[in-house]
Asks: 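One structure, pasted below without further comment.
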Amino acid sequence: MSEIFKNIPVIKYEGKDSKNPFAFKFYNPDQVVLGKKMSEHLPFAMAWWHNLCAGGTDMFGRDTADKSFGTEKATMEHAKAKVDAGFEFMQKLGIKYFCFHDVDIVPEADDIKETNRRLDEITDYILEKMNGTDIKCLWGTANMFSNPRFMNGAGSTNSAEVYCFAAAQIKKALELTVKLGGKGYVFWGGREGYETLLNTDVKFEQENIARLMKMAVEYGRSIGFTGDFYIEPKPKEPMKHQYDFDAATAIGFLRQYGLDKDFKMNIEANHATLAGHTFQHELRISAINGMLGSIDANQGDYLLGWDTDEFPFDVYEATLCMYEVLKAGGLTGGFNFDAKNRRPSNTFDDMFHAYILGMDTFALGLLKAAAIIEDGRIDDFIKNKYSSFNDTEIGKKILSGSATLSELAAFAENLGDTKNVQSGRQEYLESVMNSILFS
Ligand code: XLS
Ligand code: CA
Ligand code: CA
């Protein structure tokens with residue numbers, strides 16, 4: 001098989017002063033940070049769909065980038081060329097994981113039996129390519145949103161036949177995930193939501209989604225899938241209301257239906273901002289609930305109200321993300337670049353520049369987050385902020401859970417005029433952040 005990304009070398013770390021566009025400036029895989037190699041802190045993954053399939057088509061125009069890799073598109077030859085391209089790409093960048101939807105890896109046929117046969121063939125080929133490399137599958141998923149049959153959802157559809165079709169796709173995608181040694185399985189509910197309550201029974205739809213997830217867990221466990229199932233929350237787009245609005249909503253849903261032991265969150269930065277949250281907020285809510293599983297590493301654009309899936313360049317955001325990840329003790333999943341080149345960045349070189357940018361951004365984020373933790377001022381501030389609960393008798397009583405409302409009321413009556421004498425010190429803490437980030 002001949003080289004696809006000709007003239008693009010293996011990307012190496014050259015340090016921050018390097019001007020080589022095909023070198024890492026900050027991602028130094030063997031560098032030890034807080035006792036662990038950077039490459040272990042940052043299990044990066046390539047998103048099959050954006051990197052190998054998407055050519056820049058948008059609502060107003062067709063592809064600008066040629067991802068045919070010298071073959072005719074929508075053929076098995078093309079599917080195999082994408083595998084070749086993907087493995088060459090990952091090897092040149094030192095990326096150890098990939099994520100895929102069923103329909104990213106083969107063209108979908110009219111008959112699911114034929115699609116499944118193609119999936120068997122291509123995953124045999126992927127396995128062959130994996131052999132002798134240390135590249136693995138991070139997670140798999142079924143695309144239950146593109147095909148017109150899913151216009152009213154998959155788990156939330158009104159059609160029992162479409163529901164069965166979704167079940168068939170999940171079953172196969174789980175089998176493939178197990179075959180490729182995948183660590184996780186994702187549910188992103190792009191069409192699981194509604195446009196208007198004039199035609200929707202929300203309770204019915206949510207219960208049906210839960211039933212489908214339960215069946216997926218039972219089947220997955222029965223075929224040896226030991227990894228995590230993930231919900232990837234997103235508030236809107238394509239639907240006006242999506243059921244997995246944000247982490248808090250998704251976690252509540254999982255608990256309500258007894259799915260919380262098998263599921264965690266796959267948090268995407270751009271989805272967080274669409275939900276009106278920061279990326280860090282979504283990570284924190286997942287982490288404190290023991291459900292921070294994996295991350296879709298991208299970023300949105302604050303001027304645009306949709307899911308732009310940009311490669312992350314914002315070091316401040318990446319730092320706050322890595323602060324959450326370090327505090328949570330790492331991820332069971334990884335960092336999937338669910339991101340695409342901007343439409344005019346349409347060459348093979350640009351694909352590499354994008355990943356170099358993303359990997360360097362998260363490497364910087366890791367270094368800076370470690371520096372914040374080592375510096376200690378922010379952690380100390382937060383700890384001290386609540387000291388009245390840890391250092392006083394009444395505070396301790398409240399924390400122990402043994403206090404009554406009447407007791408606290410009696411305590412308050414003896415206080416006279418009470419003020420909170422502790423400043424929030426936000427501006428000071430922001431300046432601490434800047435001094436750590438830019439030192
Ligand atoms: C779309 C989602 C999707 C999931 C996987 O907005 O990000 O790509 O990650 O289906
Ligand atoms: Ca995503
Ligand atoms: Ca997205």
Side-chain angles (χ1 to χ4, degrees), residues 4-9 11 18-27 42 44-69 73 82 85-86 88-90 92-93 95 98-101 103-104 143 145-146 188 190 232 234-238 266-275 278-279 295-319 321 335-365:
I4 293 171
F5 303 105
K6 294 198 180 73
N7 307 320
I8 297 177
I11 311 300
S18 169
K19 297 230 164 31
N20 177 0
F22 293 105
F24 295 119
K25 320 298 182 295
F26 303 100
Y27 180 62
L42 297 168
F44 290 127
M46 176 192 75
W48 210 273
W49 54 102
H50 281 315
N51 204 42
L52 304 172
C53 309
T57 289
D58 69 12
M59 253 128 62
F60 300 95
R62 56 183 184 275
D63 280 2
T64 54
D66 179 5
K67 302 243 173 115
S68 63
F69 304 114
K73 279 181 139 183
K82 287 195 289 185
E88 185 185 323
F89 186 84
M90 289 185 277
K92 284 189 166 168
L93 281 153
I95 289 179
F98 61 88
C99 300
F100 73 99
H101 302 79
V103 303
D104 304 334
N143 177 325
F145 44 89
S146 296
W188 170 60
E232 182 180 323
K234 185 176 181 182
K236 56 187 167 189
E237 200 207 8
N266 179 40
I267 297 297
E268 179 176 315
N270 202 164
H271 297 181
T273 46
L274 284 177
T278 60
F279 185 19
I295 285 177
D296 271 11
N298 64 11
Q299 72 182 55
D301 185 312
Y302 288 110
L303 298 183
L304 304 174
W306 61 90
D307 194 15
T308 57
D309 283 349
E310 292 176 36
F311 277 89
F313 62 79
D314 187 330
V315 176
Y316 207 107
E317 289 281 298
T319 300
C321 165
F335 297 83
N336 169 42
F337 287 112
D338 191 356
K340 57 188 178 209
N341 283 97
R342 295 307 86 193
R343 197 161 179 266
S345 302
N346 61 345
T347 69
F348 286 168
D349 285 10
D350 291 303
M351 291 166 67
F352 282 83
H353 294 322
Y355 271 74
I356 292 169
L357 169 69
M359 292 164 80
D360 269 342
T361 299
F362 271 82
L364 267 171

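This one's a predicted model, so the numbers in the text were calculated from it and none came from an experiment.
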Asks: Does a side-chain heavy-atom distance below 4.5 Å link D296 with H271?
Replies: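 D296 does not reach H271 side chain to side chain.
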Asks: Atom OG1 of T57 and atom CG of D63: how far apart are they, to the nearest 0.5 Å?
Replies: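 Here the rounded value is 3.5 Å.
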Asks: Using a 4.5 Å cut-off on heavy atoms from C-beta on, say whether the side chain of K234 contacts that of L274.
Replies: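 When only atoms from C-beta onward are counted, K234 and L274 do touch, with a gap below 4.5 Å.
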Asks: Are the side chain of K92 and the backbone N or O of I8 linked by a donor-acceptor pair below 3.5 Å?
Replies: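 The answer is yes, because a donor-acceptor pair under 3.5 Å joins these two groups.
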Asks: In Å, rounded to the nearest 0.5 Å, how long is the span from NZ of K73 to SG of C53?
Replies: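 Here the interatomic distance stands at 8.5 Å.
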Asks: Any heavy-atom pair between the side chains of N341 and N346 that's under 4.5 Å?
Replies: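 Not touching, per the 4.5 Å side-chain cut-off.
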Asks: Run through W48, F352, F337 and flag the one making a ring-ring contact (aromatic ring centres under 6.0 Å, His included) with F89.
Replies: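 One option only clears the test, and that one is F352.
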Asks: Could you pull out the closest heavy-atom pair between A297 and P312, with the gap in Å?
Replies: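 Minimum heavy-atom separation between A297 and P312: O-CD, 3.8 Å.
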Asks: Please determine if R342 and D301 form a salt bridge, counting it only when a charged side-chain N lies under 4.0 Å from a carboxylate O.
Replies: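 The answer is no: the pair does not qualify as a salt bridge.
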Asks: So which atom in D338 and which in A47 form the shortest heavy-atom distance, rounded to 0.1 Å?
Replies: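 Closest approach of D338 to A47: CA-CB, 4.1 Å.
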Asks: Would the number of heavy atoms belonging to other residues, nucleotides or ligands and lying under 6.0 Å from CG of N7 be above 12?
Replies: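 Open: at most 12 neighbouring heavy atoms sit under 6.0 Å from CG of N7.
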Asks: For T64 and R343, indicate whether the former's side chain and the latter's backbone hold a donor-acceptor pair under 3.5 Å.
Replies: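 Yes; at least one donor-acceptor contact below 3.5 Å.
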Asks: Which heavy-atom pair separates W188 from E232 by the least distance, and what is that distance?
Replies: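 Where W188 meets E232 most closely, the heavy atoms are CD1-O, 3.3 Å.
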Asks: Would you check if the distance from the ring center of F348 to the ring center of F69 is below 6.0 Å?
Replies: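 Yes; F69 has its ring centre under 6.0 Å from that of F348.
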Asks: Is there side-chain contact between H353 and F22, with at least one heavy-atom pair below 4.5 Å?
Replies: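 H353 reaches F22 side chain to side chain.
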Asks: Mind listing the closest non-hydrogen atom pair of N266 and I295 along with its distance?
Replies: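 For N266 and I295, the tightest heavy-atom pair comes out as OD1-N, 3.3 Å.
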Asks: Heavy-atom distance under 4.5 Å between the side chains of N270 and E237, does that happen here?
Replies: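 SC-SC contact between N270 and E237 ruled out.
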Asks: Does a side-chain heavy-atom distance below 4.5 Å link F145 with H101?
Replies: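 Yes, side chains in contact.
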Asks: When rounded to the nearest 0.5 angstrom, what is the spacing between CD in E317 and OG1 in T273?
Replies: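 Between E317 CD and T273 OG1, I get 8.0 Å after rounding to 0.5 Å.
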Asks: Less than 6.0 Å separating the ring centroids of F26 and F362?
Replies: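 Centroid distance F26-F362: not below 6.0 Å, so no.
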Asks: Go through M359 and I95 one step at a time and tell me if the side chain to side chain contact (heavy atoms under 4.5 Å, CB included) criterion holds.
Replies: CA-CA 10 Å; M359 292 164 80; I95 289 179; 3.8 Å; yes
Asks: Side chain to side chain contact (heavy atoms under 4.5 Å, CB included), that's the test. Do L93 and M46 meet it? Break it down for me.
Replies: CA-CA 10 Å; L93 281 153; M46 176 192 75; over 6 Å; no
Asks: Assess the side chains of D66 and S68: does a donor N or O sit below 3.5 Å from an acceptor N or O?
Replies: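 A pair is found: one side chain offers a donor N or O, the other an acceptor, under 3.5 Å apart.
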Asks: Quick check: closest heavy atoms across A23 and S18, and the distance to 0.1 Å?
Replies: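 That would be CB-OG, 4.0 Å.
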Asks: If you define the side chain from C-beta out and look only at heavy atoms, does anything of V103 sit under 4.5 Å from S146?
Replies: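 Heavy-atom side-chain distance check fails, nothing below 4.5 Å.
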Asks: Just by modelled atom types, is the F5 backbone N or O under 3.5 Å from a matching donor or acceptor in the E88 side chain?
Replies: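 Side chain of E88 to backbone of F5: a pair is present.
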Asks: If you measure from NE2 on H50 to CE on M351, what distance do you get to the nearest 0.5 Å?
Replies: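 Reported value, rounded in 0.5 Å steps: 12.5 Å.
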Asks: Mind checking whether F24 and Y27 have parallel, tilted or perpendicular rings, split at 30° and 60°?
Replies: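 Ring orientation, 0 to 90° scale: perpendicular.
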Asks: I'd like to know whether N298 forms a side chain to side chain donor-acceptor pair (under 3.5 Å) with D309, so could you lay out the CA-CA distance, the side-chain angles of the two residues, the decisive distance to 0.1 Å, and finally the verdict.
Replies: CA-CA 6 Å; N298 64 11; D309 283 349; 3.0 Å; yes
Asks: Are the aromatic ring centres of Y355 and F44 under 6.0 angstrom apart?
Replies: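 No, they do not, as the ring centres are separated by 6.0 Å or more.
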